[in-house]
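For reference, the structure discussed in these notes is given below.
This structure is a prediction, so every number in the text was calculated from the model and none was measured. Here is the naming used below: chain letters follow the sequence lines, and residue numbers restart at 1 for every chain. Note: hydrogens, waters and symmetry copies are ignored here, and every other heavy atom, side chains too, is used.
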2 protein chains.
Amino acid sequence: MPVYRPLSSLAPVVPQAPLEDVSARIRAQGARATPARIAVLRMLQTASRALSHADVEHALADSGFDRVTLYRVLDWLVEAGLAHRVADSDRVFRFSLAASRSPEHARHAHFRCDDCGRVFCLEDVRVSTPVLPAGFTSKEVQVSVSGACAECNARPS
Amino acid sequence: MPVYRPLSSLAPVVPQAPLEDVSARIRAQGARATPARIAVLRMLQTASRALSHADVEHALADSGFDRVTLYRVLDWLVEAGLAHRVADSDRVFRFSLAASRSPEHARHAHFRCDDCGRVFCLEDVRVSTPVLPAGFTSKEVQVSVSGACAECNARPS
DNA sequence: TTGCATCTGCAACTGGATTGCGGGTAACGG
DNA sequence: CCGTTACCCGCAATCCAGTTGCAGATGCAA
Ligand SMILES: [Mn+2]
Ligand SMILES: [Mn+2]
Ligand SMILES: [Zn+2]
Ligand SMILES: [Zn+2]
């Protein structure tokens with residue numbers, strides 16, 4: 001079980017995205033553009049990988065948002081169709097921008113490193129809906145690969 | 001979020017499989033063939049879908065096995081390579097016979113019904129390892145489709 | 001049959017996620 | 001601008017699948 005590693009030691013996931021744009025997008029869903037929603041959505045937009053609640057909480061620690069508020073914001077984003085949620089093999093949910101919201105976030109596979117615990121978006125590995133048994137209808141397809149990431153393979157350990 | 005539904009209302013998942021065979025298979029792993037291990041392994045062998053700890057616990061309620069024992073048996077089965085574990089989108093682990101243990105359990109996709117919460121093994125949907133970024137190595141690939149199963153689609157609801 | 005490493009039962013614990021509720025505030029109308 | 005109010009947030013308690021520690025039981029090889 002990999003230990004938690006703060007975002008600072010990872011790829012840059014700093015909240016920096018067109019502010020007005022983000023607020024407008026939230027209001028377009030018929031909801032209030034609150035500081036918490038804006039901050040989290042901006043973060044997701046610039047994230048290079050799927051973020052857990054803990055990731056968001058640590059990155060936005062200075063802002064002083066309540067833990068529960070961040071849970072609710074993430075839930076709301078999913079419900080509003082702005083983000084999607086995948087259950088990781090370590091029983092934590094990870095969030096990333098919804099496919100429909102940006103072309104580079106089209107349906108793709110995810111990779112979980114068993115060593116460092118990070119989850120990468122494999123943008124190049126596209127996912128297609130398989131043929132299902134009669135009567136079954138699909139809403140979502142998730143492909144998740146586990147193993148060791150490049151960084152962890154390089155490190156002698 | 002679908003409510004838990006007891007096994008009795010679902011497909012027949014009664015523990016009935018060659019007893020001696022099962023005991024021998026357990027001992028072949030250098031472990032003791034205890035009642036709990038035998039019962040759980042027999043259950044997995046006849047299950048038509050991936051079982052959660054709760055499924056096993058309810059089905060074997062009469063036997064009086066402790067909750068923790070069943071957790072440990074399931075963990076042991078995975079460690080021994082006799083079963084494999086998939087993390088479901090509702091944050092519960094589900095278990096099924098390992099691919100190497102029976103030809104009909106080759107690497108396949110799983111289907112989760114958002115309505116009734118059941119997880120089906122899509123034996124016909126084979127899974128192959130995708131091409132990964134340089135330096136990445138894979139150990140396991142999981143494909144999980146979500147949507148509505150035939151039964152739930154048929155029911156008017 | 002006996003020895004003992006392995007396994008089980010029980011109870012306490014963990015950590016991510018959820019819920020209830022009183023107080024706060026974004027957005028709209030005036 | 002300011003008042004109103006439905007929506008949102010902070011806080012504390014709670015849930016729940018899964019884990020851990022330890023003392024006692026037991027499968028099985030000798
Ligand atoms: Mn992604
Ligand atoms: Mn399966
Ligand atoms: Zn890694
Ligand atoms: Zn169903």
Quick one: is C:dT8 close enough that its OP1 or OP2 comes under 4.0 Å of any side-chain N or O from B:T34?
-> yes

Length of the line joining B:I26:CD1 and D:dC28:P, which is rounded to integer Å | 9 Å

For the salt bridge (Lys or Arg N to Asp or Glu O under 4.0 Å) test, which of B:R94, B:R49, B:R118 pairs with B:D88?
-> B:R94

Tell me which nucleotide among C:dT8, C:dC10, C:dA17 gets nearest to the side chain of B:T69.
-> C:dT8

D:dA17 P sits how many Å from B:E57 CD, rounded?
-> 9 Å

Does A:D66 CG have over 12 foreign heavy atoms under 6.0 Å away?
-> yes

Considering only C:dT8, C:dC10, D:dC11, which nucleotide approaches the side chain of A:D66 most closely?
-> D:dC11

Whole-Å distance separating the CZ atom of B:R94 from the P atom of D:dA17 = 11 Å

Closest listed nucleotide, where the reference is the side chain of A:A36 and the choices are D:dC9, D:dT19, C:dG9 = D:dC9

Taking atom P of C:dC7 as reference, at what distance in whole Å does atom CD of B:Q29 sit?
-> 12 Å

Any donor-acceptor pair under 3.5 Å joining the side chain of B:R91 to the base of C:dA17?
-> no

Nearest 0.5 Å, what's the CG-CG distance between A:N153 and A:D115?
-> 8.5 Å

Calculate the interatomic distance between A:D90 atom CG and C:dA17 atom C1'; express it in whole Å.
-> 14 Å

Can you name the side chain to side chain donor-acceptor pair (under 3.5 Å) partners of B:H110, sequence neighbours left out?
-> B:H108

Test B:H53 against every option in B:F65, B:F93, B:Y71 by the ring-ring contact (aromatic ring centres under 6.0 Å, His included) rule and name the one that passes.
-> B:Y71

Proximal nucleotide (of C:dG16, D:dG18, D:dC11) relative to the A:V92 side chain | C:dG16

When rounded to whole Å, the CD1 to P distance for the pair B:I38 and C:dC7 reads 13 Å

With distance as the sole criterion, do the side chain of B:R72 and the base of C:dG9 form a donor-acceptor contact below 3.5 Å?
-> yes

So what does B:D88 hit on the nucleic acid, given a heavy-atom distance under 4.0 Å: a base, only sugar-phosphate, or nothing?
-> nothing

Under 4.0 angstrom between B:Y71 side-chain N/O and D:dG18 OP1 or OP2 = yes

Nearest-angstrom distance from the residue atom CG of A:L51 to P of C:dA17 = 13 Å

Residue mapping more 5' on DNA chain D - nearest nucleotide basis, A:W76 or B:H53 = A:W76

State whether the distance check finds a donor on one side and an acceptor on the other, under 3.5 Å, for side chain B:R67 versus base C:dG9.
-> no

Rounded to whole Å, CZ of A:R37 lies from C1' of C:dG24 at a distance of 14 Å

Starting at the 5' end of DNA chain D, which residue's closest nucleotide do you reach first, B:F95 or B:A33?
-> B:F95

Indicate whether any N or O donor in one side chain lies under 3.5 Å from an N or O acceptor in the other, for B:S89 and B:R112.
-> yes

Base D:dC7 paired with A:R32 side chain (donor-acceptor, <3.5 Å) = yes

Within the modelled atom types, does a donor on one side and an acceptor on the other bring the side chain of A:R27 and the base of C:dA27 under 3.5 Å apart?
-> no

